[in-house]
Structure formats: structure tokens, C-alpha cells
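Heads up: the structure comes next, in C-alpha cells.
Keep in mind that what you see is a predicted model, and the values were worked out from it rather than measured. Reminder, nothing fancy here: chain letters follow the sequence lines and each chain counts from 1.
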Amino acid sequence: MASLTSHPDETKVVSKRFGMGATNIDRYLELDGYKAVQKAVTMQPDDIINQVKNSGLRGRGGAGFNTGLKWSFVPKQSPKPKYILCNGDESEPGTCKDRLIFEHDPHAVIEGVVIAGLAVGSTTGYIYIRGEYRYLLEIVQKALADAYAHGFLGKNIFGSGRDFDVYWHGGAGAYEVGEESALMESLEGKRGIPRIRPPFPAVVGLWGGPTVINNAETLASVPHILLGGAEWYAGLGTPKNGGTRLFCLSGHLERPGVYELPMGYNLRKMIYEVGGGIPNGRKLKAVVPGGSSTPALTPDEVDVAMDFDTLMKAGSMLGSGGVVVLDDTTCIVKFALRTMKFYQHESCGWCIPCREGTDWLKKTLTRFHNGGGLKKDIDNMYYLSENMLGRTFCPLGDAAAMPTMAFIKKFRKEFEDHLEGRPCPYEKESTIQELPVMA
Amino acid sequence: MRFSDQFEARFAVMLTHYPTKRSVLVPTLLYAQDEIGFLSDEAIAEIAARLDLTDLEVRNVISYYSMLTTKPRGKYNVQVCTNIACMLRGGEELLEHCEQKLGIGHKGTTRDGLFSLEEVECIGACSWAPAAQVNYDFHENLTLEKMDSVLDEYRTKPQ
């Protein structure tokens, strides 16, 4: 069980039932549970889509695409069944929010899946949960069984004359499967190799049928939008970036934790006020604002509104909400190396620029960190990363290249400090014992 | 090849959830592994036959997923995360400590078959780093001392 934290600046929407026992279906009903879906069965599908579209809800998995717009791409008529697929394969380093949603409010995800189904004319949904989250899979299995027992799923839900089934599905360890087309491959019982697009999943998805794929946090937000209204939800955030988001604060902070803050919340405040600042009187060196694939920001770049568009303008991405804070004792080369080691491990090997690029970068960064770097390696690594961008079927190649380019561009001196056979000048003895221990 | 009644009941229900049999493959492999400790040749052949797949097709899937293994490992698989958020808070030291304590390296197994050790990628415990999983149990906000008591807890668990 992950521990909960809170801060006065939080606006609790998705997290409002955290810690309130809402895994119990009766408790969930007391807390406005299944009210949104009852509203949805009385609405026209297009009205549901428009509400979600106008709320400014954007994909919480990282891409930040307008959710209602995504739903609107599903063809009205389809000879093949349509599907809703909830992506709970949370594995972007720095991200641990969907875990809390499944742990504390699984019915909200189920409700979101059903509403998405009503909106696009589907009768079947799947909730895919990563293999490591076994305890969450069990919570979801129980929640689904309870929802069926109450008649909220299955035939003629809420007397609407419409049927809707939701099934659970468990993974077995793969970051790549969090990418939507690889996720479908995995659910179909195959290796998680991405599919070429177009056609997009909204047209040709699971078993060839139109499929809506949304992140768990995205779907858990939907019931709140239907109950509170698109205008209310949009008003919580910034223009075109509706609502709130679960930010996962980690790294060198006094109070790491998952906090629900309005879209557009200032990053500096997030680090120094919500996260309690940097321990041991140290200074900020860098922050990875949205999971390991997003380009790092330097201390003079952190006065920025945390929404999709502002971060894009700042040369980074809001990504998955994983805010990783690095203090001034961190070696950027080592951090870049650990990031690349991850992508090299997770690359499925389908696309050559990603398979070879991540391996080559890992090897170069390893040599570099050990003091065997050459001056020309620095530009070579940048050039190599640049050539991975946009040349792969799925964004894993980009995810490996983007942070590397930012590290080289913004922290070139640290790379240069590793030259001429010098071992890492930043390496220190211990990190584990000097940080505050959370209760 | 016999699996538990619970496995069989779950398997039968899962087959009704999808339009194709093959879709049950990934979760079924993990549940099978949980029962026998690893995916034996026998288990692979059995699952392949049930799903109208060849052994090779099943092996092809197994090799993709990091949690699936065709080699036996310890009763308790200690998985230490050293990815970025854990690394910043001492994940690598924690791994080294476990290596020394258990006398094994990455993917090694103790001679008594009680523990295996694995360095793993992000397990979704970033805000509670450093973290490790023993089988499916999460252990978070770890220190070297806390890790010792976690290992002791499993060591002394009634068999």
C-alpha cells in the first residue's frame, strides 16, 4: 500500500475518494458513485462526447490529446465490435499515480470505461493492469465482480436497455506495452510490438474493431466531468488544459508524494512548497517534469505553468505527471546513462533506429561516465539522438532521444568534466542514508 | 500437467472474455508461473495445446515479458528498483546491499533456494523511493536497515 500525502494547494477531483474506503462498492455509492453513468445512459452519445471535449480533458498517459476529440474519431457505424481499453500499464519512470487510483477508487475507472462505451457505441471494455501491480489487479477483479453483482455491468445496465461488459486483463512486465498499439498486441496475446499507423486504433484497433484507448486517470476523470459539468472542469485548469492532474513528486525532495494540483500549477511552487523543497540545504540542478522521456528543465526554467501547451513552449513536455527532482550533487551523465539503460532494456527491437540507437547511446554514456569519453562523443550522441527522432513506429525511440538531447544541450559542461580519463567528478559515497525517511 | 482448481476456474472464465483464445495467453502464463515457480517445458506445452498455439509461439511471447521466466528461481524473488527516482534516493546502494547480504548477483538464486535477486526497472513506487518488490509485495521508503528486516521477515516466514 502506497502512502498518501496532501497539501493545502491541492484540488481533489480524481483523488477525492482516496483514503475513504471507496473500493467498497456501498461506500462508493455513498460518495456519488455510479451517478455519472446513470446520467450518461439518459444522454445522447454526442452530448457525452461534447461535454468531455469541452471540459478540456487531455490524455493523462502523456500524449495529452483531447479525450473527447479522440472519442469522436470512432466511426458511428462499424461492422466489427467497438472496444474501450483502459491503459493501466503505468510504467514511465517517475510515474506512480494510476496505482493510487486503482488502489483507492477502482470503481471510478470502471465508471469511466462504461461512459466511454456509451459515448462511442461500444458494449465491451477492458482494463489492462501491469503485471507488477498484482494487488491492484485483485482490487479491480473484486470491484468488477461487485459491479456485476449490483447489475451495474452486464445486461440492461441501469434499465437503459443497453448492455456493457468490462473485463480485467493483466500484463507480465513490459514498458513498451504502455504504448497504445503495443498494448493491443499484448491484450491479443502477443509480443508487445507496435503497429503501424494509420489506421489509428479509433478505426482499426482490438481484433480489427474500432478501439478507444485511454489512460486510467483520464477515464477516472470522466465521471466527475459528467457530474460537475464541462465548464466547471475546464475552469479548474488553464485554457485548453482542463481540470487537475495527479503529479508524482519524486527524487530529492523533503516531501515526495502524489498530489492533485490544478493544470497550470507553477513548477517552482510544486518543488519548493508542495514537495517541501530540497533536503540538506542543497540546490536544484534539474527537474524532469513529466516522466523520464521528457526533456529536463534547468533551475532558471522552473517558473513555468505545468500544463501541456506551456511546457511544450518551454521545450519540454507535461508527459505522465512524473516530476523527478535532481539536486546539485547529482551527476547528469550518470542520470542520462540510467535513463538510457532503461530505454535500451525496454526497446522491443522492432525499429532499428531505436534498437541500435539506445544500445549505442548506452554504451557511449557508460564509457563516458567511466572516464573513457572523447570530446567528439558529445556531439555524436546528440547527432545520434537527433536521428532517432520520428524514425520509429512508436514513440519509444523519441522517448530515449529527447531527454538525452536536453541533457547534452543544457549540461554540456558536465559531459566535458568527464573527459580526459577522469572518472566521474560528481560521484558521491552515499545517497540512501542522508534523505529524510518517510513514515 | 495439473494446475490448481483456482487456476482452472479462472482460466475457464477468462476464455469467455475475448473473441480469440490467444488473448488469455499473457495473464495465463503469469498465473501458471506463480504456481510452479517458472514456466517449465511441460507448462509451456500444456498452455500452447490449450490455446491452439505451437510451443514456439508461446516461447516467443515469454521472451518478451520481463516477469516471465523459463528458469527456476528462489521462493522469494527480491526485485530492487534502480531506475531514476529510486537511484536518486539510494536504489543502487540498496541493490548492492542485497547482493552482499544474499551473496548473489542480478538474477542469482541463493543455494537454499529461498531468495532470488533482480535489478528491475521502474515499479511505480517513485514517490516512495527507494523501493523493492518481493514477489508481488511492495516495500517502500527503504533504508538498508529496513531492507534487512524485510529479508529477515521472509527468511523466518513459516514454510
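By the 4.0 Å N-to-carboxylate-O rule, Glu57(B) lies too far from Arg191(A) to be salt-bridged with it. We find that Glu185(A) and Arg22(B) are not joined by a salt bridge, their nearest charged nitrogen and carboxylate oxygen being 4.0 Å or further apart.
For Lys97(A), no part lies under 4.5 angstrom from a heavy atom of chain B. For Leu206(A), no part sits under 4.5 Å from any heavy atom of chain B, backbone or side chain. With a 4.5 angstrom heavy-atom cutoff, Val177(A) touches chain B via backbone and side-chain atoms both. With a 4.5 Å cut-off on non-hydrogen atoms, Leu187(A) touches chain B through its backbone and its side chain both. Residue contact with chain B, scored on non-hydrogen atoms closer than 4.5 Å, involves the backbone of Glu92(A) exclusively. With a 4.5 Å cut-off on non-hydrogen atoms, Ile129(A) does not touch chain B at all.
Ranked by heavy-atom pairs under 4.5 Å with chain A, the first of Ala129(B), Cys86(B), Pro19(B), Cys81(B) is Pro19(B). Per-residue counts of heavy-atom pairs under 4.5 Å with chain B were compared for Glu346(A), Lys341(A), Glu90(A); the largest is that of Lys341(A). Listed options Pro93(A), Ala172(A), Gly170(A) were ranked by heavy-atom pairs under 4.5 angstrom with chain B; first place goes to Ala172(A).
Only one option out of Tyr83(A), Tyr167(A), Tyr126(A) pairs with His17(B) in a ring-ring contact (aromatic ring centres under 6.0 Å, His included); it is Tyr167(A). Of the listed residues (Asp137(B), Asn135(B), Asp34(B)), just one forms a side-chain hydrogen bond (donor to acceptor under 3.5 Å, both in side chains) with Arg134(A), and that residue is Asp34(B).
Using modelled atom types, one side-chain atom of Gln133(B) and one backbone atom of Glu132(A) make a donor-acceptor pair closer than 3.5 Å.
Between Glu92(B) and Lys334(A) there is a side-chain heavy-atom pair separated by less than 4.5 Å.
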Worked check of ring-ring contact (aromatic ring centres under 6.0 Å, His included) between His169(A) and Tyr18(B): CA-CA 10 Å; His169(A) 191 92; Tyr18(B) 311 89; 5.5 Å; yes
Chi angles and distances behind the side-chain contact (heavy atoms from CB on, under 4.5 Å) call for Tyr175(A), Ser66(B): CA-CA 9 Å; Tyr175(A) 166 75; Ser66(B) 64; over 6 Å; no
